[in-house]
Amino acid sequence: MLEDTFSELEQVRLKKLRALESAGIDPYPTRAGQTHTSQEAIDAFVKAESQPDASPIRVTAAGRIRSLRPMGKLTFAHIQDRDGKLQLFFRVNDLGEEKMAELSAYYDLGDFIQASGTLFRTKRGEVSLQVEDFKMLAKALRPLPAAKDEVVDGEIVRHAVLSDPETRYRQRYVDLAVNPDVQEIFKIRSATVRALQKFLDDHDFIEVETPILQPIYGGAAAQPFVTHHNQLHQELYLRISFELYLKRLLVGGLERVYEIGRDFRNEGVSYKHNPEFTQLEFYWAYADYLMVMDFTEQMVAFAAEKVLGTTMVNFNGHQINLAPPWQRVDLRQAILEAVDIDIELNPTAESLQAALESRQIKHKPGMTRGKLIDALIGEFLEPNYIQPTFLCNYPRDISPLAKSIPGNPSVVERFEGFVGGMELCNAFTELNNPLDQEQRFIEMGRAYADDDEEQHPMDDDFVNALSYGMPPAGGFGIGVDRLVMLFTGRRSIREVILFPHLRSQDDEDQG
RNA sequence: GGCCCUCUAGCUCAACUGGCAGAGCAGUUGACUCUUAAUCAAUUGGUUCGGAGUUCGAGUCUCCGGAGGGUCACCA
């Protein structure tokens with residue numbers, strides 16, 4: 001029972017709730033009214049002030065009580081609503097003894113209140129609502145974590161802010177209610193998704209939805225979550241990418257498609273990984289990875305400009321400029337410069353391993369050539385790409401869905417975009433030769449034969465789709481959460497996901 | 001999964017080499033007709049994450065377990 005979990009402090013509030021009910025006041029009324037938000041009210045008053053003959057502005061405001069300062073026959077309060085705070089001014093002269101008593105007897109910080117009256121400016125100069133009537137909209141039985149703002153030399157100083165990360169993530173509703181900067185993150189997130197959609201829509205892409213429950217997962221190398229359909233007695237996987245379905249749409253003649261949605265990967269959780277995360281993928285017929293590169297710079301810069309009003313962002317202590325053009329680096333060249341190894345001269349895992357050993361670079365035994373190169377990228381290149389950088393031309397054996405560079409079968413037309421030392425996006429010229437694609441699946445199966453977990457399963461229907469003819473195309477995927485991290489300057493992906501994954505918590509019977 | 005750190009009142013935090021578990025805010029009661037961390041006076045509130053051990057005595061030391069954070073591994 002909820003009541004059994006109440007602290008002494010909360011029991012007091014429960015008593016007030018009962019008292020309200022006994023007094024015939026509904027603590028959770030069905031209807032509410034709001035003529036102005038706090039900001040709208042203040043704006044309207046300021047505008048009227050400049051007109052000498054303006055009549056008083058009547059306002060009904062609604063919001064959560066964030067501060068209460070009773071001073072005998074006067075009470076000041078601030079309510080918070082979606083765009084700010086408004087001071088309420090309660091005076092016995094306006095309300096009468098009985099209504100004032102109701103205020104002090106039943107109302108607490110955190111309660112939702114509706115108040116009506118006229119706007120005025122206090123002696124200290126704050127636009128406030130002189131309350132003539134008010135009612136309870138929703139009683140809060142638990143107190144919000146105490147936090148107060150103090151203005152020191154014009155700067156807002158916050159005291160006793162809710163900061164415990166576990167509470168903030170598990171009870172995001174509390175975090176949002178008391179930390180305005182957290183609300184701001186998610187407003188930016190929403191605006192970011194909207195901006196990406198607008199950019200793509202403006203370029204004639206259509207947004208589609210493809211299956212999350214898939215009989216065969218693919219499009220990336222990751223462990224899937226497995227589930228089961230009871231009636232069909234069928235094993236299903238939560239998608240790890242959208243790629244193979246979106247490319248089927250290219251076969252069908254939808255030449256420009258994109259999807260924004262959730263991917264699920266059954267892997268480690270970290271400051272930049274959440275088991276479910278938001279991805280944007282698009283596929284663009286008759287384009288190639290070079291065109292996609294230009295397009296990517298424009299899209300990200302467009303979103304930044306639209307959402308933040310600038311392409312400059314602060315991330316992890318760095319000033320980053322997202323404006324095009326982004327630095328473009330050839331993978332072979334970059335590795336050559338970083339560790340003095342020419343991967344072109346080391347076409348096998350064995351020779352590359354030998355080269356690594358000769359330079360005392362640690363690596364795990366038994367890795368494929370592609371995985372060794374990928375490890376080099378992660379260790380020596382990725383952390384250094386603070387300003388936006390496209391790393392181009394990847395080895396074929398770690399890119400089973402990408403098309404080779406003409407005349408260079410071991411290298412594919414693929415790039416990854418890095419910003420802030422973090423991989424942001426991944427794109428390539430799409431492989432559309434069904435026979436080659438089938439061969440790649442077979443090779444991938446063989447490459448990971450010792451390591452079943454990572455096997456890239458053959459998707460016969462996808463290969464079959466390609467055999468009907470898929471136009472040449474460029475494809476692209478970007479981690480939307482990571483983009484929002486950049487836009488909001490947050491180092492942890494958990495800060496930009498409303499309900500990040502945490503281990504479930506048993507209230508009792510632990511251990 | 002390995003290693004390191006953290007967990008004390010509703011929130012933010014104290015508590016020396018092991019020695020009566022505290023403060024501010026919020027809460028309660030009272031005063032107060034222009035406050036804004038309101039102020040003033042009084043006051044309530046604790047399974048110190050859970051369990052076991054060492055000890056005359058454990059928030060503090062040891063062990064087991066839990067959760068969170070960091071880091072490494074993993075993640076084409």
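So you know, we letter chains A, B, ... as the sequences are listed, proteins then strands, and number each from 1.
The partner of B/A38 is absent, by the rule that a Watson-Crick or G-U pair needs both atom distances under 3.5 Å. Across all strands shown, B/A76 forms no Watson-Crick or G-U wobble pair with both key distances under 3.5 Å. Across all strands shown, B/C7 pairs with B/G66; the Watson-Crick or G-U wobble distances both stay below 3.5 Å. Across all strands shown, B/G27 forms a Watson-Crick or G-U wobble pair with B/U43, both key distances being under 3.5 Å. Nucleotide B/G53: paired with B/C61 (Watson-Crick or G-U wobble, both distances less than 3.5 Å). As the counterpart of B/A21, no nucleotide is assigned, since no Watson-Crick or G-U wobble pattern has both distances under 3.5 Å.
Closest to the side chain of A/E126, from the set B/C34, B/U71, B/U36, is B/U36. In this structure, of B/U28, B/A76, B/G10, it is B/G10 that holds the atom nearest to the side chain of A/L9. Taking every side-chain heavy atom of A/L162 into account, B/U12 is the closest of B/G68, B/U12, B/C34. Among the nucleotides B/U33, B/A67, B/C11, the one closest to any side-chain atom of A/P145 is B/C11. Closest contact between the side chain of A/P400 and the listed nucleotides B/U12, B/A76, B/C34 involves B/A76. Side-chain proximity of A/R494 to B/U35, B/A76, B/G69: nearest is B/G69. Taking the side chain of A/R124 as heavy atoms from C-beta on, and the options B/U36, B/C75, B/A76, the nearest nucleotide is B/U36.
Note on A/K371: a side-chain N or O is less than 4.0 Å away from OP1 or OP2 of B/C75. Applying the 4.0 Å criterion to OP1 and OP2 of B/C75, one finds that A/R265 has every side-chain N and O outside that range. A close approach under 4.0 Å does not occur between any side-chain nitrogen or oxygen of A/R91 and OP1 or OP2 of B/C34. Phosphate contact (OP1/OP2 of B/U28, side-chain N/O of A/K16, threshold under 4.0 Å): present. Contact annotation: A/S163 side-chain N/O to B/U12 OP1/OP2 distance is under 4.0 Å.
For the pair A/N426 (side chain) and A/E416 (backbone), a donor-acceptor distance under 3.5 Å is absent. Remark: side-chain polar atoms of A/D175 are not paired, donor with acceptor, to backbone N or O of A/T167 under 3.5 angstrom. No donor-acceptor pair under 3.5 Å is formed between the side chain of A/E184 and the backbone N or O of A/D181.
Two rings, from A/F120 and A/F89, have their centers less than 6.0 Å apart. For an aromatic pair to be called close, the ring centres must be under 6.0 Å apart, and A/Y237 with A/F225 fails this. Aromatic pair A/F415/A/F390: centroids less than 6.0 angstrom apart. Annotation: A/F134 is in aromatic contact with A/F90 [ring centroid separation under 6.0 Å].
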Where do N or O atoms of nucleotides 38-40 of chain B meet protein N or O atoms at under 3.5 Å, pair by pair?
from: B/A38; atom 1: OP1; to: A/K148; atom 2: NZ; distance (Å): 2.1
from: B/A38; atom 1: N6; to: A/P70; atom 2: O; distance (Å): 3.1

Below 3.5 Å is the cut-off: list the nitrogen or oxygen pairs between protein and nucleotides 43-46 of chain B, distance only.
from: B/U44; atom 1: O2'; to: A/E8; atom 2: OE2; distance (Å): 3.1

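Using a 4.0 Å heavy-atom criterion, one finds that A/L144 contacts no nucleic acid atom at all. Residue contacts shown for A/T122 include a base, since a base heavy atom lies under 4.0 Å away. Within the nucleic acid shown, A/Y394 has no heavy atom closer than 4.0 Å to any nucleic acid atom. Residue A/R414 is classed as a sugar-phosphate contact, given heavy-atom separations below 4.0 Å to backbone atoms only. Using a 4.0 Å heavy-atom criterion, one finds that A/V161 contacts the sugar-phosphate atoms exclusively. Residue contacts shown for A/P165 are limited to sugar-phosphate atoms, with no base heavy atom under 4.0 Å away. Backbone-only engagement by A/L502 is indicated by non-hydrogen atom pairs under 4.0 Å involving sugar-phosphate atoms exclusively.
Inter-residue side-chain proximity for A/V127 and A/I42 is flagged as met; some heavy-atom pair is nearer than 4.5 Å. Side-chain contact between A/L95 and A/V92: absent, with no pair of heavy atoms (C-beta onward) separated by less than 4.5 Å.
B/G65 and B/C3 have their P atoms separated by 11 Å, with the value rounded to a whole Å. As rounded to the nearest Å, B/A52 and B/A58 have C1' atoms that lie 13 Å from one another. Taking atom C1' on both nucleotides, B/C13 is separated from B/G59 by 14 Å, rounded to a whole Å. B/G24 and B/A42 have their P atoms separated by 11 Å, with the value rounded to a whole Å. A distance of about 25 Å separates the P atoms of B/C16 and B/G53, rounded to the whole Å. Using atom P as the reference point in both B/A31 and B/A37, the two lie 24 Å apart (nearest Å). Remark: the separation of the P atoms in B/C64 and B/U17 is 25 Å, to the nearest Å. Separation of the C1' atoms belonging to B/G27 and B/G45 is 8 Å when rounded to the nearest angstrom.
Here A/E132 pairs with A/R58 in a salt bridge; the nearest charged N to carboxylate O distance falls below 4.0 Å.
Nearer the 5' end of RNA chain B, as judged by each residue's closest nucleotide, is the contact made by A/V12, out of A/S492 and A/V12. RNA chain B is contacted by both A/S7 and A/A77; A/S7 maps to the nucleotide lying nearer its 5′ end (nearest heavy atom per residue).
In this structure, A/R66 places its CZ atom 14 Å from P of B/A37, rounding to the nearest Å. To the nearest angstrom, P of B/C75 lies 10 Å from NE2 of A/H273. The distance from atom CD of A/Q171 to atom C1' of B/G68 is 14 Å, rounded to the nearest whole Å. To the nearest angstrom, P of B/G69 lies 7 Å from CD of A/E166. Rounded to an integer number of Å, the gap from CD of A/E416 to C1' of B/A76 is 8 Å. Taking atom OH of A/Y271 as the reference point, atom P of B/A73 lies 11 Å away to the nearest angstrom. Note: CZ (A/F90) to P (B/C34) measures 17 Å, nearest angstrom. The separation between A/E10 atom CD and B/A26 atom C1' is 12 Å, rounded to whole Å.
Side-chain atoms of A/R239 and A/Q214 include no donor-acceptor pair closer than 3.5 Å. One side chain, A/D83 or A/T37, offers a donor N or O that lies under 3.5 Å from an acceptor on the other.
Cation-pi contact between A/K247 and A/F462: absent, since separation from the ring centre below 6.0 Å together with deviation from the ring axis within 45° is not met. Both tests pass for A/R414 against the ring of A/Y394: distance under 6.0 Å to the centre and angle within 45° of the axis.
Checked by distance alone, A/N93 brings a side-chain donor or acceptor within 3.5 Å of a matching partner on the base of B/U33. In the interface, the side chain of A/Q87 is paired with the base of B/U35 through a donor and an acceptor atom under 3.5 Å apart.
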